[in-house]
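Have a look at the structure below before the remarks.
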Amino acid sequence: ERIMLAHLGLAERLATRYRRSGGVGHDDLVQAARVGLVSAVNRYDPDRGNSFIVYAIVFITGADPIKLFERGQGAHARGDLEKALVFYEQALKVRPEFPEAEFQKGNVLVSLARFQEAEASYRRAITLKKQWALPYSSLGALLMRQQRDSEAEPLFRQALALDAQDNVALRLLSEIKLRGGKPQEALEFARKATQDQAAPPSSWIVLATAERATGNKSGAKQILDRLI
């Protein structure tokens, strides 16, 4: 009861914010918000470590997976990873087959160094949306961080089959080939990764490394000088 009383103001503020969406009277919105707050209090488990305010907002504003996902993106952009994770998880509870939420959940989990859970999220996103390149390249990048290059390579190749300009897949395939002692193949991937002059610095660094590995030291120096 003490928690509920302390957050009545939050319920009323959220009700006011959503007053314009649908012509429902303010008093009815406040009442609905209070009902959501009661549900949040009854279901909240502090041992899970999630913020009660975030948890309450989910119940007060209603179980709209798109709104929850957008709130997750907002928190994610601000760097509030724990809050973003809560919103993505709530969106997935409402709509389990939501590949974008699953993918972004994986990204947050990587940032939180919860790699096993991140891998599961990326794999789930791939299952839900097989023709989407991003989860393949992101999962491959995660596996490379764990020295699992042989598992990562086919994921990058699948990403490129879906999007031939996937810069992450091209760059990291080049790195795999460098690690495997195949500098010429590494160079081919690195050159493709830098066909766009706006390619990120990491791609140019890989290109310089591949050029040097194939014996072109002057070319490597020119690339690095351009970056500096």
What distance separates [X] [atom1] from [Y] [atom2], expressed to the nearest 0.5 Å?
X: K192; Y: S174; atom1: NZ; atom2: OG; value: 11.0 Å
X: L128; Y: R123; atom1: CG; atom2: CZ; value: 14.0 Å
X: D166; Y: L172; atom1: CG; atom2: CG; value: 9.0 Å
X: L187; Y: N216; atom1: CG; atom2: CG; value: 8.0 Å
X: L143; Y: Y122; atom1: CG; atom2: OH; value: 10.5 Å
X: S121; Y: R114; atom1: OG; atom2: CZ; value: 9.5 Å

Of the non-hydrogen atoms in [X] and [Y], which two are nearest, and what is the gap between them?
X: P183; Y: A213; answer: CB-CB, 3.7 Å
X: A118; Y: G106; answer: CB-O, 3.6 Å
X: A84; Y: A75; answer: N-CB, 3.7 Å
X: A210; Y: L178; answer: CA-CD2, 4.1 Å
X: S150; Y: P154; answer: O-CD, 3.2 Å

Would you call [X] and [Y] a salt bridge, using N to O less than 4.0 angstrom?
X: E117; Y: K105; result: no
X: E188; Y: K182; result: no
X: E153; Y: K177; result: yes
X: E119; Y: R148; result: yes

Indicate yes or no: at least one non-hydrogen side-chain atom of [X] is less than 4.5 angstrom from one of [Y].
X: E102; Y: Y88; value: no
X: Q146; Y: Q116; value: no
X: H76; Y: F87; value: no
X: F156; Y: L170; value: no
X: N167; Y: D196; value: no
X: F115; Y: L109; value: no
X: I66; Y: F98; value: yes
X: F103; Y: S138; value: yes

Without swapping roles, check the side chain of [X] against the backbone of [Y] for a donor-acceptor pair under 3.5 Å.
X: R145; Y: A141; result: no
X: Y136; Y: Q131; result: no
X: W204; Y: L227; result: no
X: D163; Y: A133; result: no

Is [X] linked to [Y] within one hydrophobic cluster, defined over Ile, Leu, Val, Met, Phe, Trp and Tyr using a side-chain heavy-atom separation of less than 4.5 Å?
X: L134; Y: L92; value: no
X: L81; Y: L85; value: yes
X: I176; Y: V206; value: no
X: V110; Y: L139; value: yes
X: V168; Y: L173; value: yes

| Between R78 and K83, is a side chain to side chain contact (heavy atoms under 4.5 Å, CB included) present by the stated rule, with each step listed? | CA-CA 10 Å; R78 294 191 302 272; K83 184 179 289 188; 4.2 Å; yes
| task | Determine, stepwise, if the pair D225 / Q222 fulfils side chain to side chain donor-acceptor pair (under 3.5 Å). | result | CA-CA 5 Å; D225 286 345; Q222 288 177 2; over 6 Å; no
| query | Above 12 or not: heavy atoms from other molecules or residues under 6.0 Å from CZ of R124? | reply |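 Yes.
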| said: Please determine whether the number of non-hydrogen atoms from other residues, nucleotides or ligands lying under 6.0 Å from atom CD of E97 exceeds 12. | reply: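 No - once you tally the heavy atoms of other residues, nucleotides and ligands closer than 6.0 Å, there are 12 at most.
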| task | Assess whether salt bridge (Lys or Arg N to Asp or Glu O under 4.0 Å) is satisfied between R95 and E100, documenting all intermediate values. | result | CA-CA 11 Å; R95 182 187 292 176; E100 293 79 7; over 6 Å; no
